[in-house]
There are 2 protein chains.
Amino acid sequence: MTRARRDSGGRPKRPTMVDVAREAGVALRTVSRVVNQDPTVGPEYVVKVEAAIAALSYRPDDRARQLRTGVTGTIGAAVRRIAEVNPELAAIERTARDAGLTLFAASTDFDETREHDILISMCRQRLDGIIVEPFGENHAYLQPELDAGVPLVAMDRPMSGISVDCVMSDNASGIGMAFHHLHQHGHRRIAYIGDSERVLSGRERAAAFRAALRAHGEAVEGLVHPGEITPDRVAAALDTALHGPDPATALVTGNMDTTLAVLRHLGPQAASRLALVGFDEVPLADLLQPALTVIAQQTAEIGRTAVELLRARIADPGRPVQTVVVPVTLKVRGSGEVRA
Amino acid sequence: MTRARRDSGGRPKRPTMVDVAREAGVALRTVSRVVNQDPTVGPEYVVKVEAAIAALSYRPDDRARQLRTGVTGTIGAAVRRIAEVNPELAAIERTARDAGLTLFAASTDFDETREHDILISMCRQRLDGIIVEPFGENHAYLQPELDAGVPLVAMDRPMSGISVDCVMSDNASGIGMAFHHLHQHGHRRIAYIGDSERVLSGRERAAAFRAALRAHGEAVEGLVHPGEITPDRVAAALDTALHGPDPATALVTGNMDTTLAVLRHLGPQAASRLALVGFDEVPLADLLQPALTVIAQQTAEIGRTAVELLRARIADPGRPVQTVVVPVTLKVRGSGEVRA
DNA sequence: TATCCTCGCGATAACGTTATCTCGAAGGAT
DNA sequence: ATCCTTCGAGATAACGTTATCGCGAGGATA
């Protein structure tokens with residue numbers, strides 16, 4: 001057992017390959033070969049080196065290895081929120097692990113500046129590739145990184161100002177399915193409350209809803225309410241839709257946060273009388289009364305595809321940019337089957 | 001605009017400080033000084049270097065910097081699940097960011113092998129410190145890392161086999177509060193279903209519940225059911241507690257997953273007739289009927305404290321090991337106030 | 001036995017950055 | 001006018017690893 005050296009700061013200094021080589025009485029390069037399981041090393045050397053590694057409790061420094069080899073074996077994921085229910089991220093982590101890649105995840109936190117900082121930081125760390133759930137308005141600042149060969153994949157929404165691979169849900173079909181489902185249950189006044197049209201997914205969903213209304217010969221006025229997802233804004237939209245002269249009897253919500261805001265504003269009693277289909281799965285949707293009917297995104301498929309797109313681009317930086325659209329499914333649970 | 005060089009692999013090669021120095025006509029060291037905002041650089045040099053940086057779209061390589069300086073500015077968090085509701089992790093990310101630290105989070109996924117791999121990988125990356133929500137039985141394999149000066153903090157549970165800083169909730173008090181609350185509402189047969197006593201939190205909570213029963217002169221038999229959190233096991237425990245000769249009228253659940261398993265097994269009708277207090281906050285607890293009364297952990301405080309403990313240890317590796325116990329609070333919402 | 005490979009280990013350069021040291025020029029004091 | 005100090009920039013080593021190259025020993029072939 002060799003005592004750990006300490007540097008001037010007083011903090012212990014970890015042994016390096018040089019130390020191991022000295023301890024084992026072999027060359028530095030031989031230690032490297034043993035660590036990397038190079039088969040051309042003689043068995044007696046392997047024994048000596050492994051003994052020295054154990055004696056010093058040597059641990060290779062990945063930073064140095066990465067610097068030398070040029071690859072990090074790590075991909076980054078800049079998502080809106082880690083630490084919240086995020087099945088896409090879970091799928092990304094699982095897929096990355098299966099591919100032997102380490103995942104580095106960070107929350108952009110609905111903050112454009114933070115998104116910028118995270119992405120630039122990931123570039124400076126020379127990650128092998130980056131998956132981003134875009135939030136900002138303009139990502140043209142990433143063009144130099146793209147030119148430098150940084151593999152980049154957008155998830156849930158395309159990026160603006162640059163051309164990158166993208167995987168996203170079929171928003172239009174999903175909204176169409178929700179509308180159609182409610183229409184089939186006898187509703188004629190169906191309202192929509194959803195996210196702001198600033199982001200593409202919000203734009204697509206609101207547009208699809210307007211199109212559905214028109215296709216069924218219904219008027220659009222007073223029924224489509226995109227905007228910020230704040231309790232107040234959602235409450236106002238809800239009041240307009242439900243308490244006007246020609247009140248809606250059914251509602252489609254454009255994403256999970258809007259769905260929850262609606263449920264909280266209405267309260268359990270009123271909510272149970274309203275026909276409601278939410279876009280996006282909601283945790284514990286099955287425990288609510290009535291259980292919540294939703295348009296579910298294939299989140300696992302989206303996350304998996306994001307990693308596969310990224311791996312494909314890492315393997316072939318020159319391949320054509322690709323957009324994958326993943327279908328959505330209707331989950332009938334009760335709230336969407338309230339009759340008019 | 002200088003064209004990006006390509007290495008033999010065909011992938012673009014990013015410009016380095018040497019390239020910038022050549023472009024700017026200055027020494028390598030001067031570029032480094034500009035990048036690091038060294039005030040001793042003459043203004044005309046700053047202009048020249050910054051122009052060269054922009055022209056080449058140079059981006060410093062953090063790996064090389066980290067290797068040279070020895071610090072990564074990054075802390076790791078090995079938690080059971082990123083991508084699930086995890087307020088502790090959210091607080092960790094926020095606190096780390098405010099401290100100028102990058103957070104690297106990974107899911108141990110309730111898998112001891114995976115936990116081991118993640119922790120070792122974090123050590124190899126020479127992160128500045130590690131926060132771990134321990135899962136495995138024995139962490140003695142981390143002793144060499146501790147000796148080497150790797151700062152380590154346990155969250156939610158202490159670690160076994162090594163002595164490290166720890167922040168955790170006051171489990172015993174929480175269970176006591178839950179029991180007392182139900183007792184005050186007239187219940188005399190109160191059952192407990194919770195996690196396995198294999199882990200310390202499960203052990204503490206079950207023990208506290210037994211102690212509460214004894215303190216109130218109640219018999220313990222048939223009322224305390226620790227074990228794996230599978231739907232079948234929870235269902236069996238529930239049947240034993242509720243359908244025996246002397247059935248329980250109230251229930252304390254030992255953690256969120258148990259609470260959800262109970263609610264799902266009982267169904268909405270039966271659940272609304274049972275007095276229930278859950279340990280741990282449940283997402284959407286306010287939307288259930290009745291809304292769920294819980295013992296809430298101060299998750300934000302726990303996450304923040306974990307980072308602070310880690311920073312303190314990074315700053316002073318020799319400081320005494322410290323355990324912080326954070327109080328819990330009772331959130332009265334309805335389910336715990338069902339009378340006997 | 002001489003020659004040619006082949007195999008396996010060692011010396012050394014290189015990855016891209018920062019830290020240490022040197023050195024020249026400028027400016028003030030004697 | 002000379003010396004000393006100060007200031008700012010350049011040359012070079014170093015961080016810990018892997019890749020390239022060289023070289024000596026040993027076996028196969030002529």
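Since we're looking at a predicted model, the values are computed, not measured. Convention: sequence-line order gives letters A, B, ...; per-chain numbering from 1. Every heavy atom of this structure was used, including side-chain atoms; hydrogens, water molecules and symmetry mates were not.
- Counting any heavy atom pair closer than 4.0 Å across all strands shown, B:Ser32 reaches a base atom.
- Rotation axes derived from the C1' atoms of the five outermost pairs at either end of the helix from C:dT1-D:dA30 to C:dT30-D:dA1 lie 50° apart, to the nearest 10°.
- At the heavy-atom level, B:Arg29 lies under 4.0 Å from base atoms of the strands shown.
- Taking 4.0 Å as the cutoff to heavy atoms of chain B, we find the contact window on DNA chain D bounded by D:dG8 to D:dG16.
- Within the 4.0 angstrom heavy-atom criterion, only backbone atoms of the sugar-phosphate kind lie near A:Thr40; the bases stay farther away.
- Of the two residues contacting DNA chain C, namely B:Val18 and A:Tyr45, the nearest-nucleotide position lying further toward the 5' end is that of A:Tyr45.
- One cannot find a donor-acceptor pair under 3.5 Å joining the base of C:dA19 and the side-chain atoms of B:Arg68.
- No hydrogens or angles considered: nothing links the side chains of A:Asn138 and A:Ser160 as a donor-acceptor pair under 3.5 Å.
- Closest of all the heavy-atom pairs between A:Ala105 and B:Ile82 is CB-CD1, 4.3 Å.
- When the P atom of C:dC7 is taken as reference, atom CZ of A:Arg33 falls 14 Å away, rounded to whole Å.
- Judged by distance alone, with hydrogens and angles left aside, the side-chain atoms of B:Ser107 form no donor-acceptor pair with the main-chain N or O of B:Asp109 at under 3.5 Å.
- A cation-pi arrangement, defined by a distance under 6.0 Å to the six-membered ring centre and an angle within 45 degrees of its axis, is absent between B:Arg22 and B:Tyr58.
- Residue B:Asn36 is classed as a sugar-phosphate contact, given heavy-atom separations below 4.0 Å to backbone atoms only.
- A tilted orientation is assigned to the rings of B:Tyr141 and B:His116, their planes being inclined by 30° to 60°.
- Panel note: side chain B:Thr40, backbone B:Asp38; no donor-acceptor pair is recorded below 3.5 Å.
- Across all strands shown, B:Val35 has no heavy atoms under 4.0 Å from either base or sugar-phosphate atoms.
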